[in-house]
Every structure is written in structure tokens, then in C-alpha cells.
Engineer: 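Handing you a structure now.
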Amino acid sequence: MEITAANVWMMVSAALVLLMTPALGLFYGGMTRAKASLNMIMMSFVSAGIVGVVWVLWGYSMSTGEGILGLFGNPFASFGLGGLMGTPDLIKAGFAGTFAIITVALISGAIADRAKFTAWVLFVPIWITAVYCPLAFMIWGGGLMSQGGAVSAIFGQVIDFAGGTVVEISSGMAALVLALIVGKRHGFGKDPGHRPHNVPFIMLGAGLLWFGWFGFNAGAATTAEQAGLIWINTLVTPCAAMLSWLVTEKVRHGHPTSLGAASGAVAGLVAITPSCANISPVAAIGLGLVSGVASALFVELKFKYGFDDSLDVVGVHLGSGLVGTLALGFIALPVNGEGGGLFYGGGVQQLIAQTVAVLITLALSGLVTTIIGLAIHKTIGFRVSHEAEVAGVDRSEHAESAYEFGSMGHSQFHPLRQLIHTAPAATTTVARPAGSPANAGAENAVDSVSPEATDELQPAPASA
């Protein structure tokens, strides 16, 4: 069988979606403290390693094919993907696997700075097996909420083209549960050291996520017309969401921020995920405006209610996931002149179907994540010690550091002078602000430099 343009596009899209996971690592890594950034990036990378293996062995089988009670597929039906050898279905299996990888990686941001890496490594394969695969089967694989499924037969056909329920709401709900189980970071809401340490990383990560999202949404497009609609909607919704988030920040806090721009764009991408193929470009703009404001307000709920969602996974992914999924009850386009959302005269049927899908997703993800999280927390423990958290999980969990600036002040070499002679009796002590990348993990560190170099070797600025 010759390779087709559709085959090529799906393989390219799979590569784009896979890129989203290291992009997420950059996005999350920049949002943490300097001494926890590598751990955050590693949680994304190891998710790819684990889920890739699980997906080939039994994950893909559980998300499609022969079903068990409409809840999940038979894990042994295509175990190891042996039954797909010699068919183009391997391309679909690979594309679907990249969705599973990014979904579980999203959860990690809620427990940044304080989770044991071994606990996360144990959590990932269990959650993918018990939460993601059943939801993927129910929505896309022929299960309860697929076309012809029991839930769809009663409440109407659920629309979720690229994962508003399966990816966004499920990961956002799991993030909330784990944040509650693991508990707050020391100094939550009080310590300015918890602010993002590298905003350029955040912006770069958000840009790469946006790039990959075109494959995420449009990879399964079946016609050029559908692909064009998805592409435009994936472009314009995050644009509108970014603008509305920035306006919300300006009104509420006086300053539009770079972090707000990046977060707003991601919120818009989340919102358009379930509806990218089912709404008009004008409706996509409206959805972006609503989701940007909504998520900007949702992220502040953690301070009001006291749950430490470190990197705003709940506010952005659960919040905008709910907005985007439920919005289809209002703005979904009619199909062949029938159905559609309330704004197109389609009645409440679509809104009911979307609401039922949301409730099932929240219940499944919330309940199963609670069981998995508590089991791990009560056995090996999900949280590092107080000392390890203060010192930084990069050191305690990986014996590494993202930034090695501590020895610069003692170096004999300076780029503007061939040699700087330092003598213990003729040195000037320069204190660096606590929390800066230069002294991450050593709050009261000082450097000794020669008096002649102090005009050039200035203290590093405090972290943003």
C-alpha cells in the first residue's frame, strides 16, 4: 500500500504533538524556582518514556477496539500492537499515543517543587491505564459516549474533537486532587521566591506548545475544508484569549504581564480543543475572549480556597476545558442543517450531552486519581521532606542543578580581563539577593571578588 498525503500529515502531526511535551517542560520549568526547574522538565520527559512503552503494550488496546461494558477496550486485543503490523493503523496508534503522553504530563505542574520523582514515576502508568485509556475509549473508541454508545443514545452525541474531556478536563481534575493530597508548598502565597524564575523559558514553551497544537487539533482532519477550519480556529482562539487575559490583568492588578500573555494563549488553545472542527471562526474569537477572562479569574481561586495548584493547571486546563466543552452547547454549528447549539436554534440537547460528558469525566478522573494518589501517598509518600523542598528538588531528587553560577565569583578568569588576581586579604564581599538564580539553594551565600573587578561583577538581580 502506497503512503498517502493523509498518512504523511498524521505522522507530521504526531511529531508536532510529541514536541508539545518537552515544550511543556520548558513552560513549567520556567514557572518554578530555579532549584526545581530540572525536576519539572524531567517530570514531562519521563512521562513520555513511560507512556510510550505502556501505549504499545496495552494502552492503545484499552482505548480502542473490542470493548468491555463500554468502559474500556480489551488490553490484550492488540497487545504489543502485533495485530497492527502491516497496516496503516500503526500511524493512528502512534498519533494517539502522543495525546496520552501530554495529558499525564500536564498534571505534574500542580505538584511542582515538592513531589518525589519516584512517586510520580509510579503514578504515571497507573493513571494512564485507569483514567486516560477508559476515557479515550468512551469518547473516541466506541464506548459509552461515542456514536452509538449508551450515554449518547440517551443524552445525545457528545462533541469532543481533540480532547476537551479526555485531555483537558481529566488532567485538570487530577491536578486538583493531587494538589490537595500532596499539600501546600512551604510559604505558599507568602514567599516571593515561588515566583517564576525564567520568564523567557515560559514564553518559549508557550510558543512551542502553540506550534504543536496545530497538529494536536488538525491531525485527525479528514478533509481539506475541515483542516482549514481547524487551523484558523486554532490560530484565532488563543489570540483572543491572550488579549482578554491581558486586559483582565490590567484591570485587576494594574499591569499586563508576559506570564499572562503566555497563560492566556494556552488557555485559548485549551478552550478550542474540543470544538476546533465544530464552530465558526467568529465564534472561536468569542470563545477565546471568554476563556481568557475565565481562566485569569480561575487561577486566583487557589488563594481564596487554599489549594496549592503550583503552576495553574486547574485554573487553565480545567477552567478553560470546562468553558470550551460546555460552549459547544451554545455555538456548535449544525450538521447538514440539523442540530447545533442554542445560538443556532438547536435546542438544549447538545448542551445536555456536553454537560453529561463533563460530569462523567470529572467523576472518573476525580475518584480514580484520589485512589491512586492516596495509595502512593500512604505507602512510599508523594512528597519530599521539608529539608529537601527548601534545598530544592533538583538537588535532592536528581543530584543536579539547572544553573552553576556559584563558582563564578571565585574564578581567576574574566572575559574582559585576561587575568584577575584575587587575594584573601584584599577582597570585597558582595552579597547577592536571596532567591536569585546565582545563589539558588544557598539563601545567604556571598562571593569574594577583587576590588578592581567589582565595577564589572555586579550582583545578579532577584528572580522575576
Side-chain angles (χ1 to χ4, degrees), residues 13-14 16-28 30-31 44 98-99 101-103 105-107 109 159-172 175 202-221 227 229-246 248 258-279 281 283-296 298-299 311-328 331:
S13 295
L16 290 173
V17 180
L18 183 60
L19 177 65
M20 292 171 66
T21 297
L24 181 73
L26 279 176
F27 183 69
Y28 279 172
M31 291 176 71
S44 287
T98 60
F99 279 65
I101 291 170
I102 188 68
T103 301
L106 289 171
I107 303 170
I159 299 175
D160 188 355
F161 189 84
T165 54
V166 181
V167 177
E168 306 300 348
I169 295 177
S170 69
S171 61
I202 299 172
M203 304 294 282
L204 176 61
L208 290 173
L209 281 170
W210 197 343
F211 177 72
W213 224 292
F214 287 100
F216 192 89
N217 282 351
L229 178 62
I230 293 171
W231 203 98
I232 290 297
N233 287 347
T234 305
L235 169 69
V236 75
T237 306
C239 290
M242 181 200 306
L243 298 178
S244 65
W245 186 303
L246 292 175
T248 303
S258 301
L259 177 60
S263 299
V266 173
L269 290 165
V270 171
I272 196 58
T273 293
S275 59
C276 56
N278 300 92
I279 65 174
I285 294 175
L287 177 61
L289 295 174
V290 172
S291 64
V293 174
S295 283
F298 285 159
V299 297
L311 308 184
D312 300 328
V313 185
V314 179
V316 173
H317 293 275
L318 179 56
S320 282
L322 290 170
V323 170
T325 302
L326 294 175
L328 280 159
I331 59 176

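Values reported hereafter were calculated over all heavy atoms of this structure, with side chains retained and with hydrogens, waters and symmetry mates removed. The shown structure was predicted, so the numbers you read here are calculated from the model rather than taken from an experiment.
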Engineer: Identify the heavy atoms of Ala14 and Thr98 that sit nearest to each other, and give their distance.
Structural biologist: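 For Ala14 and Thr98, the tightest heavy-atom pair comes out as O-CG2, 3.5 Å.
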Engineer: Holding to side chain to side chain contact (heavy atoms under 4.5 Å, CB included), I want the full list of residues that pass it with Ala265, two or more places apart in sequence or in another chain.
Structural biologist: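 For Ala265 the side chain to side chain contact (heavy atoms under 4.5 Å, CB included) partners, ignoring immediate neighbours, are Trp210, Pro238, Met242.
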Engineer: With a 4.5 Å limit on heavy-atom distance, are the side chains of Leu229 and Pro281 in contact?
Structural biologist: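 In short, these two side chains touch, coming nearer than 4.5 Å.
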Engineer: Could you tell me the separation between the CE atom of Met203 and the OG atom of Ser258, rounded to the nearest 0.5 Å?
Structural biologist: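 Between Met203 CE and Ser258 OG, I get 5.0 Å after rounding to 0.5 Å.
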Engineer: Looking at CG of Leu208 and CG of Leu19, how far apart are the two atoms once the value is rounded to the nearest 0.5 Å?
Structural biologist: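 One gets 5.5 Å once the value is rounded to the nearest 0.5 Å.
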Engineer: As a quick check of understanding, evaluate side-chain contact (heavy atoms from CB on, under 4.5 Å) for His317 and Ile107, giving each step before the final call.
Structural biologist: CA-CA 9 Å; His317 293 275; Ile107 303 170; over 6 Å; no
Engineer: Atom CG of Leu322 and atom CD1 of Ile169: how far apart are they, to the nearest 0.5 Å?
Structural biologist: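 Going from the CG atom of Leu322 to the CD1 atom of Ile169 covers 4.5 Å.
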Engineer: Could you check Leu259 against Met31 for side-chain contact (heavy atoms from CB on, under 4.5 Å), going step by step and ending with a plain yes or no?
Structural biologist: CA-CA 9 Å; Leu259 177 60; Met31 291 176 71; 4.2 Å; yes
Engineer: For residues Ile285 and Ala240, report the shortest heavy-atom separation together with the two atoms involved.
Structural biologist: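 In terms of heavy atoms, the two residues are closest at O-CB, 3.5 Å.
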Engineer: Using the test salt bridge (Lys or Arg N to Asp or Glu O under 4.0 Å), find all partners of Asp312 that sit at least two apart in sequence or belong to another chain.
Structural biologist: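 Testing Asp312 for salt bridge (Lys or Arg N to Asp or Glu O under 4.0 Å), a comparison that skips the adjacent residues, returns Lys302.
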Engineer: Taking atom CZ of Phe214 and atom CG of Asn233, what is their separation to the nearest 0.5 Å?
Structural biologist: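 Answer for the CZ-CG pair, Phe214 versus Asn233, is 10.5 Å.
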Engineer: Let me see the working for Asp160 and Thr325 under side-chain contact (heavy atoms from CB on, under 4.5 Å), right down to the final yes or no.
Structural biologist: CA-CA 7 Å; Asp160 188 355; Thr325 302; 5.6 Å; no
Engineer: Can you tell me how far apart CD1 (Ile101) and OG (Ser44) are? Round to the nearest 0.5 Å.
Structural biologist: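 Ile101 CD1 to Ser44 OG: 11.0 Å, rounded to 0.5 Å.
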Engineer: Side chains of Phe298 and Val314: does their closest heavy-atom pair fall under 4.5 Å?
Structural biologist: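 With C-beta onward as the side chain, the pair stays apart.
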Engineer: Which atom pairs, one a donor and one an acceptor, fall under 3.5 Å between side chains of residues 266-275 and the rest of the protein, sequence neighbours left out?
Structural biologist:
| from | atom 1 | to | atom 2 | distance (Å) |
| --- | --- | --- | --- | --- |
| Thr273 | OG1 | Trp213 | NE1 | 3.0 |
| Thr273 | OG1 | Leu269 | O | 2.8 |

Engineer: side-chain contact (heavy atoms from CB on, under 4.5 Å), that's the test. Do Ile230 and Phe161 meet it? Break it down for me.
Structural biologist: CA-CA 10 Å; Ile230 293 171; Phe161 189 84; 3.6 Å; yes
Engineer: Drop me the distance from Leu243's CG to Leu289's CG, to the nearest 0.5 angstrom.
Structural biologist: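 Rounded to the nearest 0.5 Å, the CG-CG separation comes out at 7.5 Å.
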